[in-house]
Every structure is written in C-alpha cells, then in structure tokens.
Amino acid sequence: MSTEIIMALIMNLLPLLFSVALVHSDQSILPLKSFKTSGNVTYDCIDIHKQPGLDHPLLKNHTIQMKPSASRLELKNQTSNNYVYKKKIGCPYGTVPVLRNSKEYIINTQYFHPLSRDRPGTHIAGVRSSNGPFRGIEAWSNGYALNIGKDQASYSQIYIGSGSNKEVNFIQAGFMINPSVFGDRRVWSYGFWQGKDGKGCYNTACPGFVQVSHEATLVQVFDPKPGVPVWLRCSIHQDKQTGNWWVTLLSKDSKPSLDIGYWPKELFNLLNNGANMVGVGGVVQASRSGSSPPLGTGKFPTVDLRESAIFTNIEALNSNYQRRKLDSFHIEKLLDSPNCYGLRLGQAQLFHRNQLGYFLNYGGPGGKSCGV
Ligand SMILES: *[C@@H]1O[C@H](CO)[C@@H](O)[C@H](O)[C@H]1NC(C)=O
Ligand SMILES: *[C@@H]1O[C@H](CO)[C@@H](O)[C@H](O)[C@H]1NC(C)=O
Ligand SMILES: *[C@@H]1O[C@H](CO)[C@@H](O)[C@H](O)[C@H]1NC(C)=O
C-alpha cells in the first residue's frame, strides 16, 4: 500500500457527509421511548427495522444480522460488577437506541475541520500492521479528560482498513475529545467508517451502521475526573458467516461483552475478504493557529505503564479468524512528532493474569512546535 493511502486511512476522519448528516433527525420516526443518560445524552428507542442506519441505498435488500456468529470478547473470569454501563439504556425488545441527532450533537459538524493529509497539524502516535488480511482488531484502551481547545481534537482509536489505487475503506472506533463534533470537551466513545463511495461518517450521523444491541450504543459520553481513566475494550471484527463488520464493547470488569451492532459488508468494496491493515494509536488535530492538543494523559510515556494512556492486550484476528498478539505480525511504529508525543511498546500483564499482553503507551503535551 502506498504511503499516501496509509496516511489517508489513518488520518482521514473525513466526515464527508455533512450535507446529509442532518437528514435523519428524530422527527422522521416516532421513538417508542427515549432515554436521557446522566451525561444529558438522549437516545431514542427506534424499531430495529426502521432505524435510520438502514436507509443507506446499498442496504436496500439488507437482512439484519441479529447477533454475530461468534462473539469475539469472551473474558475469562471477571467477577466484579463495577459496571460502566450503569445507566443501561434498556430499550424495549424489538427497538434499538439511537443517539438523538439533535442540534446539540450534530450542528457542530458544520464547523468541523476534517483531519486530512491536506490539512496540516495532524499527528499520530501508534502502531500498525499491514500484513493482512486481518479479520479484526481488539484492545483494551483508556481515555482521560484533557484540556482540548475548541478547534482541536484528540483521539484514541483502533482501526481496520484496506486501500487500493487511492481508494480506501476503513472502520475505526475508540475515544475522542472533539468539541467541533460534540460541542463539548468530554470523552466520547465513537465509531467512524468510510465505504465504497468514499463516504462515511461518525456514529449514526449518516445511514450505514446497524444498531443491534437494545442496551448499549457505540456513542457514549464519559466524564472522567482529571487523571482518572475510563476503560473500554473494543473489538472490530468481520463476521465469519456474513462478512459484516461487528463492533463489540466491554468495559473494565464488566460482563458480558456487548455486541453493539455492525457495518454491513454491502458498504465496502475492499473489505470483503478481510482488511489489509490493522492498527491502534492516538491521533490529534492541531488548531488552525498551529497549536497541537495534548494526547493520552498529556504526558510522555514513562517506564511506569500506568502513568500514561495505553492500549493493551492488543490482538488481531488473522485470516483464519485466529486471535494473535499484534506483535506476532510484522508491525510498524508510527510517530511523526517526537518533540510533542511519545510512544512506548512492550509486553505487560495487565488483564490476563498469566499472560503477557502486547501494549502501547502513548501521549504527550502537544504545543506550538509539533511541526506540520
Ligand atoms: C443537563 O441539562 C440540564 C438542563 O439542560 C442542566 O441543568 C444540567 O446541568 C445538565 N447536566 C449535565 C451533567 O450536563
Ligand atoms: C436489491 O434486490 C433487487 C432485486 O434482486 C436488485 O435488483 C437490486 O440491485 C438490489 N439492490 C441492492 C442495493 O443490492
Ligand atoms: C475464576 O475465578 C475463581 C475465583 O476468583 C477461581 O476459583 C477459578 O479457578 C477461576 N476460573 C478460571 C477459569 O480462571
């Protein structure tokens, strides 16, 4: 794959669908019920077969897959009930929660500046493997409260993708602080995809993502206290039977894992037989004035892996759907602004007591001299 495509894949969080992002407001379909979470985020419970995600022209004949043929995240022996999804949404059976695309969440995308390779000020600290095909990627990661400027953004993401001749398909999921999209500086979990026509979007801002869980969504807001991480284990994997790309979330110490929903295979032309590339890492977007935001905890990684933001137990599914530590594949480090951000890779025992997991510490303060 050319560097150009790779850069596009990693950095192009192109929200190309600004124009249609507002089409599916809550007005068109009457919700059966609505929830406002403690973070003041409203979800509407919509008939699963009428959810706006299905309105994509490529999904005309789509049959909803009600659950993955194999759930990827079976955690061994988690007993604590310190459950992040305390405020379970709990839509009635047959309905799914859809973030209300009210002006609070979406209007700001009009001011959002896409991260693109044409746009200076994007920096990355991560690791990837281009030795596909891969059927998935998963990792634990944490997110921290950060002081992010109004026109800055800071992401921590896992992704899968394929490119050919300047065409790119990809899916990513993780945490972001992005005032331009959400209008606040809180930590949000999110998903983003780009499909066969070069289009895609965040979350459910445009049709494409099929929500299946009736109790948890991809988009949630977290309000961590400064210095206290929120944890999430996230998996993106291709279903063996259908070829759809599922996203599964698991919070620290929680059970069971939640198969949230999927991006149907119809949306993509380069991901039918897996993805060429998988990766994890942090990405930032500097403000127009050239000031780069903090990433991770805002500090460079130190030898103490708990001091900085982390991805750990990073595992990929190989072409035969076998789970392998990411470093069992050929990997590349990605760090383009070592003055401002750092990266540290290694093996640690964090979540599986008897097993070393592959981890990546990343982060840094940003600033005004991070380069372009
Ligand atoms: C939620 O919204 C209400 C009214 O809009 C406001 O008074 C309250 O402070 C908000 N709470 C949070 C946690 O943002
Ligand atoms: C849906 O099915 C019809 C009839 O088989 C076919 O003509 C059409 O191309 C299909 N549409 C899509 C988007 O697959
Ligand atoms: C699970 O944890 C319990 C107690 O914490 C222990 O007795 C049991 O052996 C564990 N099971 C596995 C499969 O690790």
Side-chain angles (χ1 to χ4, degrees), residues 5 8-9 12-31 44 46-70 94-99 101 106 109 132-136 159-173 190-214 217-219 236-248 259-277 319 321:
I5 288 170
L9 198 155
N12 265 9
L13 300 165
L14 290 171
L16 289 169
L17 292 191
F18 293 157
S19 50
V20 300
L22 295 169
V23 170
H24 300 286
S25 68
D26 43 315
Q27 275 81 37
S28 53
I29 302 159
L30 210 59
D44 293 316
I46 307 282
D47 182 329
I48 187 170
H49 298 286
K50 294 185 181 149
Q51 60 179 302
L54 291 169
D55 286 347
H56 198 288
L58 294 170
L59 302 183
K60 238 183 186 148
N61 303 330
H62 185 75
T63 306
I64 296 179
Q65 182 182 10
M66 295 307 288
K67 56 180 184 188
S69 47
T95 71
V96 290
V98 176
L99 177 71
N101 284 352
I106 295 300
T109 59
F134 294 102
R135 301 296 184 171
Y159 56 87
I160 62 100
S162 293
S164 89
N165 299 330
K166 305 216 170 187
E167 215 184 347
V168 182
N169 288 181
F170 67 93
I171 295 171
Q172 36 181 255
Y190 77 98
F192 187 90
W193 66 280
Q194 181 174 314
K196 60 165 71 149
D197 51 4
K199 289 184 183 153
C201 64
Y202 285 107
N203 306 325
T204 49
C206 66
F209 183 75
V210 179
Q211 171 78 30
V212 172
S213 169
H214 69 103
T217 69
L218 197 49
V219 206
I236 301 170
H237 89 275
Q238 184 167 37
D239 193 87
K240 200 172 188 168
Q241 264 147 40
T242 62
N244 297 327
W245 289 88
W246 278 83
V247 60
T248 304
D259 297 310
I260 305 287
Y262 60 91
W263 291 272
K265 65 169 182 304
E266 293 93 320
L267 300 174
F268 308 101
N269 58 335
L270 304 174
L271 298 176
N272 293 343
N273 297 306
N276 297 349
M277 178 190 294
S319 55
Y321 303 87

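One-based numbering, in listed order, for ligands and for the atoms of each. Note that the structure is predicted; figures quoted are calculated from it, not measured.
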Discussion item. Nearest 0.5 angstrom please: Ile46 CD1 to Leu54 CG, how far?
Written reply: 11.5 Å
Discussion item. Let's go through Tyr262 and Trp245 carefully: what are the C-alpha distance in whole Å and the side-chain angles of both, what is the deciding distance for ring pair (Phe, Tyr, Trp, His ring centres under 6.0 Å) to 0.1 Å, and is it a yes or a no?
Written reply: CA-CA 5 Å; Tyr262 60 91; Trp245 289 88; over 10 Å; no
Worksheet entry | Under 3.5 Å donor-acceptor, Asp55 side chain and Pro207 backbone | no
Worksheet item: Is there a donor-acceptor contact under 3.5 Å from the side chain of Asn276 to the main chain of Pro133?
Response: no
Worksheet item: Does the side chain of Leu218 come within less than 4.5 Å of Val247's, by heavy atoms?
Response: yes
For ligand 2, run through the N/O pairs with the protein that fall under 3.5 Å and put one pair on each line.
residue  : atom   : partner : partner atom : Å
ligand 2 : 2 (O)  : Asn61   : OD1          : 3.3
ligand 2 : 2 (O)  : Asn61   : ND2          : 2.2
ligand 2 : 11 (N) : Asn61   : ND2          : 3.0
ligand 2 : 14 (O) : Asn61   : ND2          : 3.3

Worksheet item: Nearest 0.5 Å, what's the CD-CG distance between Gln65 and Asp239?
Response: 4.0 Å
